[in-house]
Each structure stands twice: as C-alpha cells, then as structure tokens.
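When a ligand or atom number is given, it counts from 1 through the structure's own listing order. Given the structure is predicted, the values throughout are model-derived calculations rather than measurements.
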Amino acid sequence: MRTTADVVVIGGGIQGLSCLYHLAAKGIKNISLVELDMLGSGSSGRSAAMLMLSMKREETIALSFVAWKEYMAFAGLFGESTHFKPIGHLSVATRAAEHELREEIAVQQKMNVPIEILYPEDIKELVPAVNTQDLVLGALCRTDGVIEPHAVMQAYARGAKELGAEINERVQATGIVLEKGRVVGVETTAGTISTPLVVNATGARAKEVGAWVGLNLPISNYLRHIFITDEFPAIPQNTPFVMDAEVEWYFRKEGENVLMGMGREESTTYEPQFVPEFQEQVIERAALRAPILLNAKILRGWAGLRALTPDDLPILGYAPGVEGFVNCCGWGGHGVMHAPTGGILTAEIVADGKATSMDVTPFRYERFL
Ligand SMILES: Cc1cc2nc3c(=O)[nH]c(=O)nc-3n(C[C@H](O)[C@H](O)[C@H](O)COP(=O)(O)OP(=O)(O)OC[C@H]3O[C@@H](n4cnc5c(N)ncnc54)[C@H](O)[C@@H]3O)c2cc1C
C-alpha cells in the first residue's frame with residue numbers, strides 16, 4: 001500500500017469507486033482507496049439496482065439527469081455494459097398517498113421527466129397482478145430501469161487503476177491525522193497514508209468518519225429487506241418495477257424470479273441485520289397489493305442499510321472548519337442511480353475548485369448548521 005497519496009478515498013462502494021475514477025480522470029495520479037471489506041460489500045451490493053429519472057424532488061431529479069448521461073454512454077466510456085434494462089417504474093397510490101404522488105408528478109412534469117399519469121383501469125391493464133381496488137392513481141416512467149451495480153463498480157475500479165489509482169481491499173481507515181485544522185494523513189489497519197485530502201465515501205459509517213474531524217453528519221441508517229421468490233412466470237418479464245407509494249413496498253422481476261423490497265426501521269449497528277421473519281410483513285403487503293405473489297415461494301433474502309439525511313439529500317463537498325476533508329455520503333435510497341453524479345461532482349470540487357455540472361448548494365453540509 002502506498003504511504004503517500006494526493007487523495008485518499010475511504011470506502012469502496014459505488015460512490016467511492018466513482019469518486020476514485022472521476023478524480024483519476026481529472027489527472028490526479030496518486031490516489032489511494034481503502035475498503036474495509038471487499039468492493040461493493042456495503043449497501044451498493046445489496047440494492048434493488050434501479051435507475052430512475054422519476055424521483056420525487058427537483059434536486060434528486062437533477063442528480064439523476066447528470067448520472068443518466070454517463071450511465072447511457074457507459075459502454076462506450078468504459079468498455080463495460082451497465083446491463084441496463086428499461087423496465088419502467090410504476091408508482092401506485094391509494095387515497096392516503098394520492099396527494100403526495102400528485103405533488104411528485106407535478107415536480108417531474110416541471111423537470112421534463114417523461115411521466116405518464118395512469119388510472120386504476122390503466123394500471124390493471126399494464127400489470128394485471130396489481131390489485132387496483134383501493135388505488136386512485138399511478139405514475140409511470142417507462143424510461144426508468146434496472147442495472148447491474150457490480151459491473152459498474154468493476155468498470156470504475158478498472159478505469160481508475162488504468163489511470164494510476166490504487167485500491168486496497170480489507171484495509172480499514174481508523175482515524176484521520178489533523179495538523180492545525182487540516183488533513184495530513186489517514187490512519188489505517190495497514191499503516192498511515194500521508195495525504196492532504198480525504199474523501200468520506202463510507203456509506204453507513206460516514207457519521208463515524210466525520211466525527212474523526214469534529215463533524216456531526218446527521219446521517220441515520222435505515223434497514224431495508226429484499227426477498228427473492230422462486231421462478232414465477234405468473235408475473236411476466238415485461239412487468240415494470242411497481243412501488244406501492246403508501247408503504248414503500250415494491251416488486252420487480254429478477255430474471256425468472258420476483259424481487260420484493262420493504263422496510264424503514266432505524267438500525268443501531270453498521271452491519272445490516274437480516275431478519276427472516278420480516279418476510280411476514282412483506283407477504284402481508286403482497287397479499288393486499290399483488291395477491292398472486294402469495295403463490296410464490298421465497299427462496300432467499302438479505303438486508304441492507306440506507307444512510308439517510310433528514311432531507312434525504314446527500315452531503316457533498318468540503319465541510320467548514322477542516323481543510324482537506326470532502327464528503328460524498330448520505331445517499332439514502334438513491335446512491336446507485338446517482339453514483340456517476342457523486343463522483344463527477346466530487347472530482348470537480350477537488351480538481352477544479354467548484355462543481356460545474358450542477359448546483360451543489362442544496363447538498364452542502366452547511367445546510368444543517
Ligand atoms: C435494500 C436496498 C435497496 C436499494 N435500492 C436502491 C435502488 O434501487 N437504486 C439506488 O440508486 N439505490 C438503492 N439503494 C441505496 C444504495 O444502495 C446506496 O445509496 C448506495 O449503495 C450507497 O453507496 P455508497 O458507496 O455511498 O455506500 P456503500 O456501498 O455502503 O459503500 C461504503 C463502503 O465504505 C466501506 N467503509 C466504511 N467505513 C470504512 C472505513 N473506516 N475504512 C474503509 N472502508 C470503510 C464499507 O465497507 C462500504 O463498502 C438501496 C439500498 C438498500 C439497502
């Protein structure tokens with residue numbers, strides 16, 4: 001492992017790897033990434049892997065548009081496919097969730113997201129499996145879809161290495177060395193790396209790493225479970241990702257199988273605790289929203305953490321009071337789709353002195369002070 005670097009990226013998830021690649025692409029040669037386990041072993045390897053333009057807010061839609069450009073050009077840029085499948089994203093709302101969904105649709109229309117309003121009979125026609133009896137509205141974005149996050153991470157890792165960056169798996173950052181309020185090094189389980197600049201891309205542990213330099217990053221981690229059924233042809237391949245807006249329960253095809261996700265309980269540990277019994281709640285919602293899924297057998301599942309800020313926007317860029325410490329964290333439930341954006345903006349902030357691809361004001365740490 002190098003003992004000196006121009007930049008150290010802590011965290012080998014999809015955001016840290018994107019930062020690594022985009023910093024290297026800006027011409028910074030000597031960058032070192034440390035990952036305490038294996039690349040993608042955090043939330044990035046546990047997601048539902050959706051890319052969406054149909055996000056809820058102007059800020060997150062803007063993040064999606066920047067990401068979209070790179071994701072759609074990915075194979076040309078990296079020689080590696082994202083395996084993107086535009087399956088579409090359908091949000092359905094009961095009376096309780098209608099107001100919120102209508103507000104989201106208005107924002108999406110304003111931001112030129114290709115969104116279609118559906119009524120219960122349209123929803124039934126599109127996805128016969130959905131029980132529409134208590135639904136009042138749906139919003140469909142046909143261009144949204146699913147990718148393969150591991151392929152993206154491998155492409156970023158390979159691209160960064162070709163540009164001279166170094167990746168160290170099973171090396172944990174344990175502290176940051178400060179001198180007169182500025183970063184001078186990162187302590188790790190494999191020794192200290194002298195560096196003037198560190199990127200905090202540690203996902204669920206970002207609050208802990210921020211605390212090393214005196215920051216109080218308002219990030220809380222929320223558990224989400226995913227379950228995979230056995231082969232289930234009764235839900236056909238052309239089914240979109242269906243989100244029940246009221247309870248954030250969702251399903252989509254995963255190969256021949258069906259993937260279901262749900263959960264927003266706060267986690268007290270950094271290791272997501274898989275609770276097999278949670279499937280009872282998932283099945284309960286399935287019974288209401290897509291009862292045909294009661295015939296499916298659940299084969300396996302996992303849990304992951306969503307590192308959420310109070311306003312569900314990420315924390316990006318330098319923090320006041322400590323020189324050389326850059327955050328790229330707090331990505332909540334959208335860090336995979338926004339991975340290119342996190343890396344692009346971080347690289348612009350570090351290498352060019354400011355972000356130019358979009359306005360990063362809403363993502364500054366200072367908004368919490
Ligand atoms: C069930 C579930 C479904 C989701 N679905 C979607 C989706 O459909 N679309 C979407 O865009 N997003 C989704 N998300 C959110 C997405 O997974 C995250 O926002 C994204 O993975 C965050 O990436 P990251 O690189 O910031 O964090 P991570 O992938 O968690 O990476 C952080 C890395 O830092 C490492 N690390 C931490 N501390 C240290 C240290 N001290 N030293 C060294 N390494 C350290 C960790 O080991 C980890 O590998 C979902 C999340 C979950 C849990």
Exercise. Between S43, G263, S47, G45, which one has a non-hydrogen atom sitting closest to atom 28 (P) of ligand 1?
Worked result: S43
Problem set entry | ligand 1 atoms in contact with V171 (distance to a heavy atom under 4.0 Å) | 43 (C)
Problem set entry | Residue, atom name and distance, where the atom is the protein heavy atom closest to atom 51 (C) of ligand 1 | R306 CG, 3.6 Å
Problem set entry | Atoms of ligand 1, numbered as shown, that sit under 4.0 Å from any heavy atom of R46 | 1 (C), 2 (C)
For this session: Could you list which atoms of ligand 1 come closer than 4.0 Å to a heavy atom of A48?
Result: 3 (C), 4 (C), 5 (N), 6 (C), 8 (O)
Problem set entry | Aromatic centroids of F325 and Y318 separated by under 6.0 Å | no
Exercise. Got a donor-acceptor contact below 3.5 angstrom from the S64 side chain to the M52 backbone?
Worked result: yes
Exercise. Charged N to carboxylate O under 4.0 angstrom, E98 versus R95?
Worked result: yes
For this session: Would you name the heavy atoms of I349 and G317 that are closest together and state the gap between them?
Result: CD1-CA, 3.9 Å
Problem set entry | Nearest-neighbour protein heavy atom for atom 31 (O) of ligand 1, which is reported as residue plus atom name and distance | G13 CA, 3.4 Å
Problem set entry | Heavy atom of the protein closest to atom 18 (C) of ligand 1 (residue, atom name, distance) | G332 O, 3.6 Å
Problem set entry | Aromatic plane relationship, F278 with F227 - under 30° parallel, 30 to 60° tilted, over 60° perpendicular | parallel
For this session: Would you indicate which of R252, R205, E35 comes nearest to atom 38 (N) of ligand 1 when only heavy atoms are counted?
Result: R205
Exercise. So, E246 and R285, do they make that salt bridge, N to O below 4.0 Å?
Worked result: yes
Exercise. Within the structure, does I14 bring an N/O atom to less than 3.5 angstrom of an N/O atom in ligand 1?
Worked result: yes
Exercise. What's the verdict on side-chain contact (heavy atoms from CB on, under 4.5 Å) for I298 and I283, showing C-alpha distance, side-chain angles and the deciding distance?
Worked result: CA-CA 10 Å; I298 288 182; I283 292 292; 3.7 Å; yes
Exercise. Polar-atom distance check: S44 versus ligand 1, any N or O pair below 3.5 Å?
Worked result: yes
Problem set entry | Non-hydrogen atom of A201 closer than 4.0 Å to ligand 1 | yes
Exercise. Does the pair D352/K26 count as a salt bridge with the N-to-O cut at 4.0 Å?
Worked result: yes
Problem set entry | A49: numbered ligand 1 atoms lying under 4.0 Å from its heavy atoms | 7 (C), 8 (O)
Exercise. Under a heavy-atom criterion of less than 4.0 Å, does Y222 contact ligand 1?
Worked result: no
Problem set entry | CA sep, side-chain torsions, deciding dist, call: N200, N327, side-chain hydrogen bond (donor to acceptor under 3.5 Å, both in side chains) | CA-CA 5 Å; N200 177 16; N327 285 303; 3.1 Å; yes
Seminar exercise, completed: atom 44 (N) of ligand 1: closest protein heavy atom, distance to 0.1 Å, is L36 N, 3.0 Å
For this session: Using a strict cut-off of 4.0 Å, indicate which atoms of ligand 1 neighbour a heavy atom of L305.
Result: 53 (C)
For this session: Any atoms of ligand 1 less than 4.0 Å from a non-hydrogen atom of Y250? List them with their elements.
Result: 3 (C)
Exercise. Heavy-atom contacts under 4.0 Å between M337 and ligand 1: side chain, backbone, both, or neither?
Worked result: both
For this session: Can you see which heavy atom on L53 is nearest to which on P114, and at what distance?
Result: CD1-CD, 4.3 Å
Problem set entry | Per-atom contacts, ligand 1 versus I226 - under 4.0 Å to a heavy atom | 1 (C)
Seminar exercise, completed: For atom 12 (N) of ligand 1, the closest protein heavy atom turns out to be G333 O, 3.1 Å
Exercise. Do R158 and E80 sit within salt-bridge range, that is, some charged N less than 4.0 Å from a carboxylate O?
Worked result: yes
For this session: Would you mind listing which atoms of ligand 1 come within a distance below 4.0 Å of any non-hydrogen atom of G304?
Result: 53 (C)
Exercise. Is it the side chain, the backbone, both or neither of I10 that has a heavy atom closer than 4.0 Å to ligand 1?
Worked result: side chain
For this session: List the steps, then state whether side-chain contact (heavy atoms from CB on, under 4.5 Å) holds for V184 with S194.
Result: CA-CA 6 Å; V184 294; S194 299; over 6 Å; no
For this session: Report the relative orientation of the aromatic rings in F74 and Y156; use parallel for angles under 30°, tilted for 30 to 60°, perpendicular for over 60°.
Result: perpendicular
Exercise. Among protein heavy atoms, which lies nearest atom 8 (O) of ligand 1, and at what distance?
Worked result: M50 N, 2.8 Å
Exercise. Ligand 1 versus A339, non-hydrogen atoms closer than 4.0 Å: side chain, backbone, both, neither?
Worked result: neither
Exercise. Are R289 and D134 ion-paired here, with the side-chain N under 4.0 Å from a carboxylate O?
Worked result: yes
Problem set entry | Backbone N/O of T174 and side chain of Q172: donor-acceptor pair under 3.5 Å | no
Problem set entry | Nearest non-hydrogen protein atom, atom 34 (O) of ligand 1 | G11 CA, 3.2 Å
Problem set entry | Which residue and heavy atom of the protein sit nearest atom 25 (O) of ligand 1, plus the separation | Q15 N, 3.0 Å
